[in-house]
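Order of the sequence lines sets the chain letters (A, B, ...), proteins ahead of strands, with each chain counted from 1.
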Amino acid sequence: MRLSRYFLPTLKENPAEAQIASHRLMLRAGMVRQTAAGIYVWLPLGLAVLRKIEGIVRDEQKRAGAIELLMPTLQSADLWRQSGRYDAYGPEMLRIVDRHERDMLYGPTNEEMITDIFRGAVRSYRDLPRNLFHIQWKFRDEIRPRFGVMRGREFLMKDGYSFDLDVEGARRAYRKMFVSYLRSFARMGLKAIPMAADTGPIGGDMSHEFIILAETGESAVFCHRDLVDMPVPGDDIDYEADLTPVIDARTTLYAATDEKHDAAKFDADVPKDKQLSARGIEVGHIFFFGTKYSESMGALVTGPDGKETPVQMGSYGIGVSRLVGAIIEASHDDAGIVWPDAVAPFQVGLVNLKSGDAETDAACESFYDKLTARGIDVLYDDTDERAGAKFSNMDLIGLPWQLVVGPRGIKSGTVELKRRATGEKEELSPEAALAKIAG
RNA sequence: CGGGGUGUGGCGCAGCCUGGUAGCGCAAUUGCUUUGGGAGCAAUGGGUCGCAGGUUCAAAUCCUGCCGCCCCGACCA
């Protein structure tokens, strides 16, 4: 993409309404624009990141055996009356009446709808297990939207639902999602820590929040320090094998958010030098809820014994749009955003230090073509801004590599390659620079 | 919803107390000079001062009501 033809409205000054780093940087880097409290336009650069995150989540869901579908944003109130949640959900649900006076709502989540879809199609245990997910916009009329896209009212969420014949099957499904989540967040360059979460009336140990550490996190968290850098299963993970060891390695060490925190237990179980008190952002939540919806909505299957039983269900959420903000909170500096490679909107920022100079232009065009041909996303700054302005802008939008091409380097047959994360700069031959970027 | 703040060109702000027909910086446009970390000079364009009502000869400024947005708290991906 050539910057001269792109749509990247960056801001030099900090917008007054943005208090936290990610919100401020997203506005300044031209990623989003607010249209109402908690509601945002995703500008091209922001959308590019959102799609990268979405892609990783989708990829890891499929790898774990989940199947994608797409449910609508608008739902009928009748469905929610069956589960009893139409009244229970409260004012956070946006209710709408259509022209025929039918009660509708803008979906805050999809348990009812997925249960309805499932019960209409599945009758036998032979069709189990299944795990269905979608990545769809949700609306929750938050009391107080804040922190930019981190707590918006309209937000993009991956929500998945598992269906099993019995509790043991549901546990297997839960473990798969647990591991899938570890992998998803790790691929985005995040260190996510699963923490025991409130299971509500169901009870048990089958609910975890995935927390990433950040000073501006909404909740206080307490955990064993070893959890932070614990290695995550690699690409060779076999989801059909026993995943219990992976989960046990994490759940046996202390980790809790403030609502579940037990200070005495924390002190007793975790050595002083391993105690970590910090703040965290919840980016995912997995939950086993048994027959809560299948019973109230009649999602029954016939078992091998010929008897009908309600299916055992779990739900699994990832805040996709929140992750954009969360990644920035975890990865930025004074100059701007520092994108992890996997979610960067472009891999390379190609900086032409003297647009209009025939030799420099030709060298840049050559890089642009070669990188593009290798499938690498390049943002080529071909504008006639001054060098300083271009550097600042590149640092702000945080692309992993900056390839700086100017007349001075061309004379000596070199270009400058800068790694945004470390600030490290190298003078390289064009070939060496290309090789390094291509990895 | 309780508490606190705020609303003035695209962005950041001053002016309001003490009413007199709107100003600064950045950005934009044009020209010249500059050109390896957010350049300089000159000129130009752009604002029903959140909305509605009231007081007054006169309202961004005073009064009343409404709305938007931000921050702190209880809830949540």
Chemist: Can you build the contact string for nucleotides 28-34 of chain B? Use B for base contact, S for sugar-phosphate-only contact, and - for no protein heavy atom under 4.0 Å.
Modeler: ------B
Chemist: Of all residues at least two apart in sequence or in a different chain, which pass the side-chain contact (heavy atoms from CB on, under 4.5 Å) check with A:Arg419?
Modeler: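 For A:Arg419, the residues satisfying side-chain contact (heavy atoms from CB on, under 4.5 Å) (neighbours in sequence not counted) are A:Asp341, A:Pro400, A:Trp401, A:Thr422.
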Chemist: side-chain contact (heavy atoms from CB on, under 4.5 Å) with A:Val228: which residues, sequence neighbours excluded?
Modeler: A:Lys191, A:Ile193, A:Leu213, A:Leu276
Chemist: Who pairs with A:Lys425 by salt bridge (charged side-chain N to carboxylate O under 4.0 Å, His left out), at least two apart in sequence or on another chain?
Modeler: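 Once residues adjacent in sequence are excluded, A:Lys425 has no partner under the salt bridge (charged side-chain N to carboxylate O under 4.0 Å, His left out) criterion.
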Chemist: What's touching nucleotides 69-72 of chain B from the protein side, N or O pairs under 3.5 Å?
Modeler:
| residue | atom | partner | partner atom | Å |
| --- | --- | --- | --- | --- |
| B:C69 | OP1 | A:Ala37 | N | 2.7 |
| B:C69 | O3' | A:Gln34 | OE1 | 3.4 |
| B:C70 | OP1 | A:Gln34 | NE2 | 3.0 |
| B:C70 | O3' | A:Glu17 | O | 3.3 |
| B:C72 | OP2 | A:Arg144 | NH1 | 3.2 |
| B:C72 | OP2 | A:Arg144 | NH2 | 2.8 |
| B:C72 | N4 | A:Arg144 | NE | 3.4 |

Chemist: Heavy atom of residues 104-116 of chain A under 4.0 Å from RNA chain B: which residues?
Modeler: none
Chemist: In a table with atom names and distances, give each donor-acceptor pair under 3.5 Å that connects a side chain of residues 40-55 of chain A to protein atoms at least two apart or in another chain.
Modeler:
| residue | atom | partner | partner atom | Å |
| --- | --- | --- | --- | --- |
| A:Tyr40 | OH | A:His23 | NE2 | 3.3 |
| A:Tyr40 | OH | A:Gln34 | NE2 | 2.9 |
| A:Arg51 | NH1 | A:Glu54 | OE1 | 2.8 |
| A:Lys52 | NZ | A:Ala344 | O | 2.7 |
| A:Glu54 | OE2 | A:Arg58 | NH2 | 3.0 |

Chemist: So which protein nitrogen or oxygen atoms get under 3.5 Å of nucleotides 42-44 of chain B's nitrogens or oxygens?
Modeler:
none

Chemist: Under the rule for side chain to side chain donor-acceptor pair (under 3.5 Å), what residues qualify as partners of A:Arg144, not counting sequence neighbours?
Modeler: none
Chemist: For RNA chain B, which residues in residues 392-415 of chain A have a heavy atom at a distance below 4.0 Å?
Modeler: A:Ser392, A:Asp395, A:Val404, A:Gly406, A:Pro407, A:Arg408, A:Gly409
Chemist: What pairs of nitrogen or oxygen atoms, one from the protein and one from nucleotides 49-51 of chain B, lie under 3.5 Å apart?
Modeler:
none

Chemist: Could I get the full list of salt bridge (charged side-chain N to carboxylate O under 4.0 Å, His left out) partners for A:Arg386, not counting sequence neighbours?
Modeler: none
